[in-house]
Peer 1: 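Below: one structure in structure tokens.
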Amino acid sequence: MKKLEALFAGIAAPCCNPADGCACSDPERVLRVYAYRPAGMLPAMTEDQRTACLDEIGSVEGYERADWVGSTDAQLAGGVLSAWQDYCRDLGMF
């Protein structure tokens with residue numbers, strides 16, 4: 001996650017629910033925009049950002065980095081968010 005924090009730092013991304021405040025970290029907020037908002041709201045991910053996303057996905061049990069190579073930015077961002085959710089579920093967080 002530290003690598004994603006550095007690579008997505010400074011990118012302005014609207015909060016998922018601004019009326020209620022935002023509990024998302026900066027990288028999560030950026031990934032949510034890539035995954036769920038119309039294409040073009042953010043610039044295309046750089047190769048370093050894509051690599052960090054692939055690394056993050058590959059670090060979660062049950063996810064294969066290779067399965068996500070060639071994904072669109074939206075698919076890749078959604079993959080990271082899904083991997084994080086499964087990781088938290090595996091830890092019994094919900």
Side-chain angles (χ1 to χ4, degrees):
M1 174 97 146
K2 293 280 185 201
K3 191 170 185 179
L4 287 177
E5 286 177 13
L7 290 170
F8 289 126
I11 297 176
C15 190
C16 40
N17 194 0
D20 294 332
C22 191
C24 302
S25 65
D26 289 341
E28 182 177 354
R29 188 169 44 253
V30 171
L31 289 170
R32 287 181 180 282
V33 171
Y34 276 115
Y36 306 122
R37 298 284 177 100
M41 285 193 76
L42 296 175
M45 285 189 199
T46 66
E47 275 308 306
D48 286 343
Q49 290 168 331
R50 293 182 60 78
T51 297
C53 287
L54 290 168
D55 291 346
E56 195 73 18
I57 289 170
S59 71
V60 176
E61 186 177 344
Y63 284 80
E64 296 295 326
R65 184 186 195 281
D67 292 343
W68 296 87
V69 173
S71 295
T72 65
D73 288 351
Q75 292 166 335
L76 192 55
V80 173
L81 295 169
S82 293
W84 284 348
Q85 182 175 4
D86 286 347
Y87 177 76
C88 291
R89 188 176 296 126
D90 289 348
L91 292 176
M93 297 176 90
F94 62 95

Peer 1: What are the two closest heavy atoms between Y34 and A77, and how far apart are they?
Peer 2: CB-CB, 3.6 Å
Peer 1: For S59, which residues count as a side chain to side chain contact (heavy atoms under 4.5 Å, CB included) partner, sequence neighbours excluded?
Peer 2: none
Peer 1: In this structure, would V69 and V60 fall into the same cluster of hydrophobic residues linked by side-chain contacts under 4.5 Å?
Peer 2: yes
Peer 1: Working to the nearest 0.5 angstrom, can you tell me the gap between L31 CG and L76 CG?
Peer 2: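 Answer for the CG-CG pair, L31 versus L76, is 8.0 Å.
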Peer 1: Any non-hydrogen side-chain atom of I11 less than 4.5 Å from a side-chain atom of Q49?
Peer 2: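 Yes, their side chains come closer than 4.5 Å.
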Peer 1: Return yes if some donor-acceptor pair links the side-chain N/O of Y63 with the main-chain N/O of G79 below 3.5 Å, else return no.
Peer 2: no
Peer 1: OG/S71 to CG/L54 distance, rounded to the nearest 0.5 angstrom?
Peer 2: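 If I round to the nearest 0.5 Å, the distance is 7.5 Å.
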Peer 1: What's the spacing between F8 CZ and M45 CE if we round to 0.5 Å?
Peer 2: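 Answer rounded to 0.5 Å: 4.5 Å.
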Peer 1: Please list all pairs passing the salt bridge (Lys or Arg N to Asp or Glu O under 4.0 Å) test where one or both residues lie in residues 65-82, with sequence neighbours left out.
Peer 2: R50-D73, D55-R65
Peer 1: If we only count heavy atoms from C-beta on, is the R32 to R29 side-chain gap below 4.5 Å?
Peer 2: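 A side-chain contact is absent here, since even the closest heavy-atom pair is not under 4.5 Å.
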Peer 1: So which pairs with a foot in residues 79-94 pass salt bridge (Lys or Arg N to Asp or Glu O under 4.0 Å), sequence neighbours left out?
Peer 2: D86-R89
Peer 1: Kindly indicate, with the supporting measurements, whether the criterion side-chain contact (heavy atoms from CB on, under 4.5 Å) is fulfilled by V80 and W68.
Peer 2: CA-CA 10 Å; V80 173; W68 296 87; over 6 Å; no
Peer 1: Distance check, rounded to the nearest 0.5 Å: E64 atom CD versus I57 atom CD1?
Peer 2: 11.5 Å
